[in-house]
Amino acid sequence: MHLLTVITFLPTVGALALLLLRGDDHVWIRRLALTTAASEFALSLLLIPGVPVGAAGYRLEEVHAWISNPQINYHLGVDGISLFLVVLTTFLTPIAMLASWKSICVRVKEFFVMLLVLETGVIGVFLSLDLFLFFLFWEVMLLPMYFLIGIWGHEHRIYASLKFVLYTMAGSILMLVGIVWLHYLALQLDVDTFDLQVIQSLLQNGQIALRPSAEMVLFGAFFLAFAIKVPLFPLHTWLPDAHVEAPTAGSIILAGVLLKMGTYGMLRFCLPLFPDAARKFAPLIAILAIIGILYGALVAMVQPNLKKLVAYSSVSHLGFVVLGIFAFNAISIQGAVYQMLSHGISTGALFLLVGMLYDRRHTFLIREYGGLATPMPRLAAFFLFVALSSLGLPMLNGFVGEFLILLGTYQQHWLWASFAAAGVVFSAVYLLWSYQRVFFGEVTQETNRTLPDLSVREKWILLTMAAVILWMGVGSTMFTRRFEASCQNVLDRMSRAGAYSAGRTQVPETTVSHTPARLPTKRALERSGKR
Amino acid sequence: MAAQSQFLITGSVILSALLFGLGVVAFVFKRNIITVFMSIELMLNAVNLAFVAFSRAWGKLDGQLFVFFVIVVAAAEAAVGLAIIILIARNRQSLNVERVDSLKL
Amino acid sequence: MPLLNYLWIIPALPLLGAAVNGLAGRNFPKRWVNIIGVGSTGLSFAAALELGREFSQLSADQIPWARSYFTWIAAGTFRAAFELQIDQLTVVMLLVVTGVGWLIHIYSTGYMAHEGGYYRFFAYLNLFMFFMLILVMAANYPLLFVGWEGVGLSSYLLIGFYFLRKSAADAGKKAFIVNRIGDFGFMLAMFLIFRAFGSLDFTTVFSNAQNMHADALGELGLATIICLLLFTGAVGKSAQIPLYVWLPDAMEGPTPVSALIHAATMVTAGVYVVARSHVLFLHAPTAMLVVAVVGCATAFFAATIGLVQTDIKKVLAYSTVSQLGYMFLACGVGSFTAGLFHLMTHAFFKALLFLAAGSVIHAMGGEQDMRKMGGLRRQIPWTYWAMLMATLAIAGAPGFSGFFSKDAILMHAFESETAGQWLYLLGLVSALLTAFYMFRLMFLTFHGAPRYDQHHVHVHESPRSMLVPLVVLAVLSVAGGWVAAPAFFGGADLFAAFLGPVMGNAAHAESAVPGGNSRELTLAAIAVGVSVTGFLLAWWFYLRGKDVLERLARSFRGVYTLLVNKYYVDEIYDAVIVRPLVWFATRVLWNLVDEGAIDGSVNGVARGTQAIGERVRRVQSGNTRSYAAWVVVGAVLVIGLLLWPLLKPALGMVH
Amino acid sequence: MTGPVIVFFALAALALGGAVSLILRRHPIHSALSLIVVMVALAGLYLLLGAEFVAAVQVIVYGGAIMVLFVFVIMLLNAGIEERTNLSRMAGLVGLPLGFFLTMQLVYWVAHSESQMNAAGIAAGGSAASTRDLAVLLFRDFVFPFELTSFLILIAIIAALVLAQKES
Amino acid sequence: MFPMIEDLRRVAPELVLCSVGTLLMLLEPFLPLSRRRQISTVLAVVGAVVALAATMYPLRNAGTAFGGLLAIDGVSVFFHLLVGAVALLVILASGEYLTRENLAAGEFYALVFFATAGMGVMASAQELMTAFIGLEMSSISSYILASYRRRALKSNESAMKYFLLGSFATAFFLYGIAMVYGATGTTFLQNMSTGAQNLVLLRLGFAMIFIGLAFKVAAAPFQIWTPDVYEGAPTPVTALFSAGPKAAAFAVLLRIFGTVTTVHEFWFWALWISAALTMFVGNLGALAQSNVKRMLAYSSIAHAGYVLVAFAASNRIGLAAVLYYLLAYALVKVGAFTVVSHLGGEGERRIEINDYAGLGQRQPATAAVLTLYLLSLLGMPITAGFLGKFYIFKAALDSRLIVLAILMAVNSVIGAYYYLRVIVVMYMREPQESVAAVRLPLTVGLVLVITAAGTIYLGLFPNQIMDFVSQAGLLQR
């Protein structure tokens with residue numbers, strides 16, 4: 001059963017099917033797109049039993065030879081960490097579609113095609129176990145997002161979309177250099193592979209003996225790409241622009257899923273592949289993450305633009321995730337993974353709500369609003385609920401991740417956690433302040449007095465989101481137990497490699513040439529180097 | 001005798017280098033398209049001299065052979081080049097190479 | 001014992017009420033809302049009573065009685081279960097919360113009868129009950145934190161109930177944010193506890209803490225840091241210096257809310273946490289001292305502000321702050337039971353005070369300024385008498401509940417070894433001030449000539465739904481103290497005895513009174529004297545002659561202005577923290593750093609590249625001669641580059 | 001100083017003079033004549049170097065055919081005196097100095113290479129080359145490029161056809 | 001030593017190209033005036049296909065021809081196929097153009113064939129003079145093709161610049177040959193490594209040869225002619241220029257590089273610096289362009305820079321990368337210029353980037369295909385351009401040219417900007433004036449389909465090509 005392949009490419013198939021429809025047949029275009037996305041979600045749920053509780057390794061693996069020179073495999077697999085990220089993606093995509101049900105009226109077909117292609121790209125990123133394949137999806141997914149922002153975005157969409165793409169590319173191209181370099185290193189041992197697991201084990205058992213400086217450069221090449229995606233302070237300035245200009249669906253996916261690709265990458269690549277460098281850089285990264293947490297929150301606080309506010313809040317929230325990852329603590333890493341998921345839901349929902357406001361008033365400026373709780377109490381209630389989840393109210397989803405991250409981080413570096421915890425205070429400040437300005441008080445503008453409350457469609461979307469928020473807040477163990485082992489696995493890989501490197505000098509030279517039995521030993525390329 | 005030959009060869013090669021260099025200078029210096037083209041011919045002549053000299057030095061004939069090829073190429077180039085120059089002159093009423101600069105930046 | 005196995009029922013009932021009212025209440029008639037809202041709390045109270053009964057039959061080794069329902073958060077070695085527990089402390093809190101809560105629910109049906117968003121109000125109130133019950137029943141710190149944050153949320157919602165009013169919305173927001181500052185400390189405390197004990201379950205933590213190293217006074221050890229952090233949380237929640245500022249503003253909420261949340265229950269959560277963690281605190285004398293000093297200072301400080309407030313609810317609010325200070329003073333000097341005792345009696349009389357004030361406001365048609373009242377005694381006698389009982393209780397009239405609790409606190413403060421005398425003296429002064437401002441409130445409101453426009457304001461007694469809770473609470477305010485009446489007064493300290501198993505050492509410490517009966521009597525007498533002085537002063541100022549007051553205000557103009565403006569604390573916070581922060585975030589972080597430096601450099605790189613591109617383009621002049629020149633340049637370079645290796649030895653030969 | 005050396009110097013001077021004159025004269029016709037002088041001088045040098053056939057071809061094809069073509073075009077276009085515009089600072093300030101520098105570079109290195117210059121053929125006397133040998137080489141060993149040159153000429157014809165024809 | 005029939009078989013592609021070229025030219029006057037163009041086009045297409053088919057023989061029978069003048073090996077076959085395919089595509093694409101501009105077809109195709117034959121000779125020449133003749137064949141044909149729109153000033157100017165500067169560079173190349181000949185006594189590459197050598201002259205010679213070839217591949221600082229010539233030439237001709245002669249010049253470089261081992265040392269730093277410069281000049285220059293043709297010209301400079309990186313790496317994968325990249329690049333560039341030619345309209349009026357505003361809606365298929373090309377140039381995965389870039393990275397890192405790899409990475413990002421800008425205009429801007437959609441002629445459509453399909457196919461399934469180009473013995477030594 002090629003479940004992973006089906007899950008990865010079903011949206012593309014749907015997109016191709018969409019292309020066959022007539023461009024002005026909006027009803028069927030929407031229906032077909034939604035059907036595809038919904039069945040994709042249903043399919044992705046099948047993954048959950050595929051990853052048993054307590055299993056650390058990759059499941060449902062698929063390996064096919066693809067490119068022979070150099071050896072590149074089509075290798076997919078899912079583990080606890082990627083499992084829910086995939087489900088999150090498939091969950092948010094239909095939500096995003098429903099969110100743009102009415103608001104996208106031009107080039108409808110292309111819009112849904114882009115959303116579906118984007119879904120394929122993102123899922124591919126989460127499922128790839130071959131570095132090359134990973135990079136391929138990583139880059140491919142940029143395009144639909146670029147078009148989503150650039151075509152259906154707002155006033156400065158072109159600037160924002162170009163900034164988004166160029167920024168991301170700048171980081172990822174260096175990652176490509178890093179990937180190729182890793183392959184070169186493996187090739188020195190006659191192992192021609194881009195396979196993550198193989199390279200990881202080669203690095204871990206010391207067959208590829210990286211000099212510390214080389215490891216740091218490689219780590220940097222990977223980390224930069226991920227840090228831009230996250231985005232980590234001070235590489236974050238593309239995010240507010242992209243968010244403000246993107247259509248609602250774009251923002252939902254961007255904040256909900258795309259940013260997680262960065263943190264996912266750190267967890268999947270930076271830590272296991274380059275543990276020593278990760279440890280060396282951890283203080284610096286943690287400081288940046290903490291600055292991001294506080295800075296994002298403070299800047300969010302004074303934004304006059306509601307969507308920008310939410311965007312900066314993402315900078316702050318993702319700072320927690322990065323901090324959790326680089327605390328190298330089982331608890332904090334689980335918290336980080338959890339925070340990725342819950343941020344996807346909460347911020348996705350926030351963008352959804354902001355989008356609904358925009359649909360009604362066509363502005364993001366807070367001062368244009370005020371007193372909206374009177375004309376639309378339901379929307380106000382949902383907004384508050386989501387805001388509370390975002391500011392980390394216990395029993396809602398945001399708290400679990402933040403708490404675990406801070407708890408775990410505190411165990412390792414109490415000072416980091418102490419500073420980061422201050423972000424919790426500021427998140428309350430900016431969310432409640434903006435909430436008050438938008439919803440409380442008398443209605444300040446006459447046009448706002450007659451704004452319609454939630455439609456049935458909107459209500460159901462929000463109810464779904466709210467249900468998930470509550471569920472994730474109360475039943476967090478249903479999620480954590482499935483990725484607990486995988487998170488631990490990340491740490492194990494780090495620590496064993498670390499332990500080895502400490503005693504590297506004592507290892508006799510002969511072990512270096514030993515190759516594990518499972519590695520593809522076929523040598524496709526001559527030993528390179530200048531002739 | 002040998003010393004004389006040696007001298008002739010060396011002298012010819014140095015002369016060819018000088019002529020080639022002058023051709024380059026002429027190419028940069030001249031403004032009339034036809035004379036610019038002539039400086040290319042000068043450079044080709046320098047090459048020919050070198051070929052002949054080296055042919056003599058190695059005692060091989062192929063160097064002289066190459067001179068023929070060069071001359072044929074020069075002839076073909078001259079035909080094409082002058083055709084192009086005629087076109088330019090017709091369309092522009094100027095033969096100053098510096099005035100033919102509508103394609104730029 | 002059926003109910004003990006179903007602990008979850010107690011919090012679940014209000015939650016259910018909140019859910020039903022909140023989600024569907026919009027379309028319900030008021031009666032249904034009442035039935036659901038009041039009924040769920042009432043059932044919860046009944047359940048609490050039944051639970052108390054069943055609890056009393058448990059053997060000592062079964063206490064604390066805990067029931068775990070599901071794992072809420074688990075990661076690595078950390079595990080937080082949804083686990084409820086019952087012990088003596090919980091029972092006391094449970095009864096106070098459900099009991100007072102229920103009364104206030106009943107009261108609200110009358111008070112809020114004409115307000116919009118009726119269903120919403122009851123939904124919030126029930127939600128509050130749920131979180132408060134979680135808070136007191138939690139068996140671990142994270143779950144306690146759920147309640148802790150949850151009550152904060154409910155408080156936010158209820159303060160901002162009149163969200164059309166900017167001041168209300170502001171107050172709600174302020175309450176939540178200031179509380180969050182405290183929560184910051186609370187969270188850090190949890191992290192440190194986990195680091196120290198590997199768990200956040202009460203049983204594990206406290207049993208480990210029993211054996212931990214006790215810090216010396218002045219030593220900043222593990223226990224001290226934990227306790228100080230915990231206390232930070234308590235300071236926020238229980239409105240102590242310096243985080244008390246939200247509580248007076250919280251009076252923007254409907255009065256029943258002030259009674260329930262900002263007087264009787266939620267604000268005492270801090271005291272509860274300190275008492276709950278007394279094992280840790282007993283290992284941290286420095287922290288204890290800090291608790292005592294902060295509590296005592298707050299008690300005095302808030303009382304002084306209360307002296308000059310003209311808004312009837314504001315007076316009560318500062319009074320609450322002040323009384324909470326007393327509770328912390330008690331905890332700080334090691335007498336946790338006294339603190340809890342005061343917590344209980346305070347719940348009775350302060351709830352009563354607020355409800356009565358609400359009744360007054362109701363009678364006055366929404367007027368809260370005492371300067372526009374006066375002589376209400378006759379129009380609203382029930383309210384007057386209820387309020388008088390409460391005033392006597394808070395002022396510490398002998399035999400009333402407040403007398404016992406306050407007396408116990410002052411006594412323990414006097415006996416405490418560290419800075420005891422000073423704390424005692426300050427507490428005593430605060431008692432004097434308390435009596436003064438309370439009677440001032442009574443006199444201004446109920447006595448003297450009416451100062452309101454009698455043609456427009458039709459003063460009327462409140463409906464029965466409001467009066468019944470007043471009466472019940474009045475009875476409790478009067479008699480509530482006798483459970484703990486010290487031996488000298490003819491009763492037994494039932495309260496301390498009851499809490500003994502939980503408080504353990506702490507309870508023992510205070511049972512061994514060194515000075516004996518006589519000193520206790522002396523101190524009580526002094527306290528009573530002080531209260532009477534306060535009463536007399538108030539009588540002199542406000543009933544005898546007004547000019548006395550005016551002259552006083554004139555001669556102490558500076559002090560008076562300072563007090564009226566609440567020491568300018570809000571203004572100072574605004575000027576020192578809020579404004580600079582907003583300015584810093586806007587001008588420095590956003591405009592300068594984000595837009596200027598970071599985004600500027602990003603765009604600068606882009607622009608720079610463009611500019612270089614423009615220069616590169618400029619090379620393409622279109623002039624064939626210059627192109628030829630470039631070729632020559634290239635040729636020279638290439639020839640130079642290729643022949644450089646040969647040039648080096650050639651040059652070497654020259655030298 | 002033997003005869004050939006004197007002749008060499010004379011011809012070299014002539015060639016150089018022609019080249020310089022090509023550069024300096026402002027009228028294209030003068031430049032063309034200067035170039036012819038260079039070519040003739042070179043033909044003399046070829047003779048000196050023992051390449052009689054090449055010398056003949058040089059005079060006939062180069063000096064004769066190609067240069068006539070040049071002169072013809074100059075006349076056809078009625079090209080006047082060259083206007084010495086200086087629109088390119090690059091050419092004047094960088095191109096020319098570097099052009100001279102390039103010349104010096106070339107001369108330096110070529111002169112420098114003298115010590116390594118092969119002199120295998122010098123012993124052979126240089127007069128062994130016969131036109132027949134040349135023909136064998138051309139029509140046997142290098143027949144492929146030779147045939148290609150015929151296509152070059154064909155292309156040149158097309159050029160004349162395509163470019164110089166009157167508009168239809 | 002006298003040429004045998006076997007020698008002729010091995011140059012079958014050149015024979016076919018030259019004969020078809022001659023035939024076309026001779027036949028045209030006899031064709032009926034009304035259908036002259038169509039028949040010529042059909043003949044030319046058939047001829048190109050036959051020429052491609054004719055490579056089958058050399059493919060199967062590797063060896064030398066004409067006594068070592070030519071090497072018939074993998075590289076030669078590869079480039080024959082490449083330039084043959086380019087010729088075929090250009091012929092297909094130019095039918096529409098010639099009709100629109102009312103230009104004679106027979107001579108045009110004949111010149112394309114001759115140029116292609118010249119490139120073929122360059123690809124297999126193992127002797128420098130033969131290479132030179134091939135180079136001149138392709139160059140002189142190119143000069144004429146550049147000025148093929150006789151009345152257009154830009155076309156003339158382009159031809160003039162190309163001609164003057166091209167000849168100038170050729171003179172350097174030739175002088176280089178003379179120097180090498182002087183140094184080694186031979187012009188046969190395979191004989192150069194043996195026997196007596198004059199090191200000074202050798203270095204000087206190869207320096208001059210490098211200059212000549214660098215000019216042809218548009219490597220900085222000899223790239224200077226490229227934008228002007230590409231912009232002024234008729235667009236289908238630009239398509240040919242950007243793919244054909246450049247590839248052929250690279251073939252010569254490759255052969256010299258592969259056969260004369262000392263050259264590695266001579267050229268390494270020149271290649272390194274030139275590669276870096278070329279990338280930067282190309283990408284930076286393209287940033288501010290408003291003319292699509294000119295922008296693509298700068299972009300082709302940049303891509304030459306990438307290929308030079310693989311050269312500098314000079315390892316097996318580098319060789320494979322060069323070949324793969326040139327193929328991928330040729331497909332894309334021909335396709336892109338075909339689109340530009342198609343959209344340009346009569347007199348090439350609409351070749352500003354802004355003229356493409358709203359193209360995504362007006363002509364979605366064309367816009368989509370152009371987007372694909374641009375993405376391939378940008379190096380987006382699943383297109384051939386990405387794998388090409390990937391292989392170059394691979395080659396560079398395998399030879400530890402880390403700085404060069406990083407410079408290339410930086411350039412990829414700079415490049416992304418201007419490619420994306422075109423996409424922005426096509427999809428995200430509204431058209432300034434109402435422009436009618438232009439119907440896509442069958443031939444042009446065919447070119448687009450072939451190049452687009454090829455781009456994606458190579459991007460997804462590079463195995464066959466990579467197996468071919470990375471086999472041992474690809475290059476005869």
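Every heavy atom of this structure was used, including side-chain atoms; hydrogens, water molecules and symmetry mates were not.
- Other residues, nucleotides and ligands contribute at most 12 non-hydrogen atoms within 6.0 Å of the CZ atom of D:F72.
- Of the two parts of D:L106, only the side chain, counted from C-beta on, holds a non-hydrogen atom closer than 4.5 Å to a non-hydrogen atom of chain C.
- Looking at every heavy atom in both residues, D:S88 comes nearest to C:N623 through CB-ND2, 3.4 Å.
- Most heavy-atom pairs under 4.5 Å with chain D, from the set C:V631, C:I639, C:V636, C:V633: that is C:V636.
- Listed by chain and number, the residues in a salt bridge (Lys or Arg N to Asp or Glu O under 4.0 Å) with C:K166 are C:D170 (sequence neighbours excluded).
- Around atom CH2 of C:W72, more than 12 heavy atoms belonging to other residues, nucleotides or ligands sit under 6.0 Å away.
- Minimum heavy-atom separation, C:V632 to D:G99: CG1-N, 3.7 Å.
- With a 4.5 Å cut-off on non-hydrogen atoms, D:T103 does not touch chain C at all.
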Could you go through D:W109 and C:L646, starting from their C-alpha distance and side-chain angles, then the distance that decides it, and tell me whether this counts as side chain to side chain contact (heavy atoms under 4.5 Å, CB included)? CA-CA 10 Å; D:W109 286 116; C:L646 300 182; 3.9 Å; yes
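- The two residues C:R625 and D:T85 come nearest to each other via the heavy atoms NH1-O, 3.6 Å.
- The nearest pair of heavy atoms linking C:A629 to D:A91 is CB-CA, 3.8 Å.
- Within 6.0 Å of CZ in D:R89 there are 12 or fewer heavy atoms belonging to other residues, nucleotides or ligands.
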